[in-house]
Amino acid sequence: MKRVYVGLLLFYLVLHFVFPLIYYSIYGFFTIYSDQEYNLSVLKGVALNFIAVGGAIFCIRFLPERRKLIQPRFNHGFSFLMIAAVILVVGIIQAGGYEGILEGKQHGALTSYLSLIFDSTTALVLFVLFQKKINYPIVILLGYILLMTLTGSRSAIILVVLIGLMGPAFQNGLEIKKKIWRFASFIGILSPFLFYYATSVRQEVDTALLYQLIIGRISMVESSAIPIEGKDKKLMDTELFSRKYGFVNQIKQSANEISPIDPFEHDINPNQYYRAIFKGAREENAGLSYMSMNMTLPVYLYMKTNFFFASVLSIAFLTLLYYCWIRNSNNIYILILVMLNIYYILQYFDWVMLTAGFFRTYLTILTLKLFEKFTTIGIAAIKKGFMIAPDAKL
């Protein structure tokens with residue numbers, strides 16, 4: 001399991017920093033969100049993320065390991081996944097497609113509440129890794145990628161890679177490891193075309209700039225450098241940052257995320273104010289549509305402290321998270337919560353998004369366990385009824 005955790009950390013670092021830096025070194029540095037130059041802010045952002053991941057991996061070497069494979073435990077994960085897929089499709093249709101989702105037209109609809117307990121991403125992971133009798137996993141993964149691409153998602157393939165990285169900790173994952181990686185390689189070749197289609201759902205695409213769009217989408221170099229430069233050169237809206245990324249506001253909005261009613265005044269996620277804080281956009285326009293940008297975990301901590309403490313706290317956080325995860329790996333909630341969200345903790349960090357992600361994952365696991373229990377009871381009752389029926393007196 002140590003290899004799984006380290007693999008997830010390295011995947012984040014390679015995809016969002018190493019690969020883009022190689023591209024920049026060959027074709028030159030460019031930006032898509034700003035006029036950010038290749039300067040000290042860029043170097044700081046890159047260094048912070050390398051130090052955080054590298055330091056955590058070094059510390060994890062000295063911590064315990066679990067070598068016993070995690071066994072499958074569900075019989076009805078496929079049925080549960082199909083329900084989650086139907087809810088996802090119906091929700092997209094209700095919203096009027098991807099643009100409607102961005103504009104928040106699905107908020108308040110029944111499907112938006114059902115998706116909390118039938119989260120399609122979590123359902124897919126639970127099916128592949130925990131289903132006792134798993135049939136045609138590659139077909140299921142392909143269906144998920146096609147569905148998400150048709151709805152405008154440009155990152156569906158990332159989940160396939162994450163499942164491949166999680167696999168060695170599970171009996172199922174070990175058995176289908178080669179199939180998953182062959183499939184991921186095949187989809188990786190097709191990914192530019194999938195990215196082009198998914199982007200065209202959102203906007204017109206200049207094919208001449210397609211590869212720059214892809215690199216700009218996966219790179220966290222620019223989005224890490226913008227906040228750092230804003231802080232160092234005092235170019236940011238400090239008051240708005242303190243108000244939206246402040247501890248009190250994030251606690252309030254996190255409470256709203258997990259409550260059926262909003263106990264505090266509703267606000268959009270802090271990361272949706274990124275452009276207003278760092279790029280001079282109007283604050284009142286931040287809630288008109290979903291147009292968020294994100295800080296990585298080390299950069300978030302840098303904004304709160306300084307380079308030294310951001311590095312130390314990042315390493316400590318990732319190391320402690322691993323220790324808690326490995327010590328509680330028999331608990332399916334902690335096991336999947338950490339494994340499924342560690343990549344997003346690093347990439348899309350703010351407490352409100354973390355709470356929302358953890359909440360959806362937790363509720364979906366709980367719902368599947370209940371679904372498993374009642375479906376098993378129901379099937380047993382039906383079988384018993386058929387066995388009794390021939391002898392029943394009319």
Side-chain angles (χ1 to χ4, degrees), residues 1 3-5 7-8 10-12 14-15 19 69-90 92 115 118-199 201 214 217-218 332 335-336 339-344 360-361 364-365 367-368 371-372 375:
M1 287 184 68
R3 186 176 64 172
V4 170
Y5 192 87
L8 292 170
L10 287 176
F11 172 67
Y12 156 79
V14 170
L15 179 64
F19 184 61
L69 290 175
I70 299 166
Q71 300 300 313
R73 62 178 70 181
F74 297 123
N75 292 302
H76 307 293
F78 178 75
S79 300
F80 185 84
L81 176 61
M82 291 300 99
I83 294 173
V86 170
I87 292 171
L88 176 64
V89 171
V90 172
I92 293 168
S115 65
F118 288 95
D119 178 58
S120 57
T121 298
T122 306
L124 179 64
V125 171
L126 292 171
F127 165 73
V128 174
L129 299 180
F130 280 101
Q131 177 77 3
K132 284 185 179 179
K133 189 176 181 181
I134 180 170
N135 296 318
Y136 310 111
I138 302 306
V139 175
I140 300 298
L141 290 173
L142 178 60
Y144 175 84
I145 288 177
L146 293 176
L147 175 61
M148 298 306 292
T149 301
L150 289 171
T151 63
S153 172
R154 299 177 292 188
S155 57
I157 186 177
I158 288 178
L159 181 62
V160 176
V161 177
L162 292 178
I163 291 175
L165 292 171
M166 297 174 196
F170 297 83
Q171 182 65 46
N172 277 357
L174 204 60
E175 292 176 358
I176 63 174
K177 178 176 67 175
K178 290 183 179 179
K179 290 182 180 180
I180 290 179
W181 285 118
R182 286 173 186 166
F183 177 68
S185 300
F186 171 71
I187 293 297
I189 296 172
L190 296 180
S191 59
F193 304 100
L194 297 175
F195 182 92
Y196 174 81
Y197 178 83
T199 304
V201 173
I214 294 174
R217 174 70 176 87
I218 66 175
I332 188 174
L335 175 71
I336 297 300
M339 192 178 288
L340 188 57
N341 288 285
I342 180 63
Y343 168 76
Y344 300 103
R360 295 170 75 93
T361 302
T364 301
I365 295 171
T367 305
L368 175 55
F371 180 84
E372 180 82 7
T375 301

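The basis for the numbers below is simple: all heavy atoms, side chains too, and nothing from hydrogens, waters or symmetry mates.
The side chain to side chain donor-acceptor pair (under 3.5 Å) pairs that include a residue from residues 135-145 are Thr121-Tyr144, where partners are two or more places apart or lie in different chains.
Remark: Tyr344 engages Leu162, Gln347, Tyr348 in a side chain to side chain contact (heavy atoms under 4.5 Å, CB included) (not counting sequence neighbours). Looking at residues two or more places apart in sequence or on another chain, you find a side chain to side chain contact (heavy atoms under 4.5 Å, CB included) between Thr375 and His76, Phe371, Ile379. The side chain to side chain donor-acceptor pair (under 3.5 Å) test applied to Thr367 returns no partner, not counting sequence neighbours. Partners of Phe78 according to the ring pair (Phe, Tyr, Trp, His ring centres under 6.0 Å) rule, which considers only residues two or more places apart in sequence or in another chain, are Phe127. Qualifying side chain to side chain contact (heavy atoms under 4.5 Å, CB included) partners for Val14, counting only residues two or more places apart in sequence or in other chains: Val18. For Thr364, there are no side chain to side chain donor-acceptor pair (under 3.5 Å) partners at least two apart in sequence or on another chain. With sequence neighbours left out, the side chain to side chain contact (heavy atoms under 4.5 Å, CB included) criterion links Phe186 to Leu190.
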Might you work through the side-chain contact (heavy atoms from CB on, under 4.5 Å) test for Phe118 and Leu81, ending with a clear yes or no? CA-CA 8 Å; Phe118 288 95; Leu81 176 61; over 6 Å; no
Is there a side-chain contact (heavy atoms from CB on, under 4.5 Å) between Leu10 and Leu165 once you walk through the steps? CA-CA 10 Å; Leu10 287 176; Leu165 292 171; over 6 Å; no
Does Ile158 form a side-chain contact (heavy atoms from CB on, under 4.5 Å) with Leu15? I'd like the steps, not just the answer. CA-CA 10 Å; Ile158 288 178; Leu15 179 64; 4.0 Å; yes
Kindly indicate, with the supporting measurements, whether the criterion side-chain contact (heavy atoms from CB on, under 4.5 Å) is fulfilled by Val161 and Tyr343. CA-CA 11 Å; Val161 177; Tyr343 168 76; over 6 Å; no
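Residues Val160 and Leu124 form no side-chain contact, since every pair of their non-hydrogen atoms from C-beta on lies 4.5 Å or further apart. Taking 4.5 Å as the limit, every side-chain heavy atom of Asn75 sits out of range of all side-chain heavy atoms of Lys133. Residues Tyr12 and Ile342 are not in side-chain contact: their nearest non-hydrogen atoms beyond the backbone lie 4.5 Å or more apart. The closest side-chain heavy-atom distance from Met339 to Val4 is below 4.5 Å. Looking at Asn341 and Ile336, their side chains never come closer than 4.5 Å, going by heavy atoms from C-beta outward.
Summarising the geometry, atom CD1 belonging to Ile70 is positioned 4.5 Å from atom CE belonging to Met1; distances are rounded to the nearest 0.5 Å. Considering CZ of Phe80 and CD1 of Ile83, their distance stands at 7.5 Å, rounded to 0.5 Å. With values rounded to the nearest 0.5 angstrom, Arg73 atom CZ is found 10.0 Å from Leu368 atom CG. With rounding to the nearest 0.5 Å, the separation of CD1 in Ile87 from OG in Ser115 is 7.5 Å. For the atom pair Ile187 CD1 and Leu142 CG, the distance stands at 5.5 Å (nearest 0.5 Å).
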Under 3.5 Å, side-chain donor or acceptor atoms of residues 166-180 against the rest of the protein: list the pairs with distances, not counting sequence neighbours.
from: Gln171; atom 1: NE2; to: Glu175; atom 2: OE2; distance (Å): 3.0
from: Asn172; atom 1: ND2; to: Val128; atom 2: O; distance (Å): 3.3
from: Asn172; atom 1: ND2; to: Leu129; atom 2: O; distance (Å): 3.4
from: Asn172; atom 1: ND2; to: Gln131; atom 2: O; distance (Å): 2.7

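When all heavy atoms are compared, the tightest approach of Ser120 to Ala84 is CA-CB, 4.0 Å.
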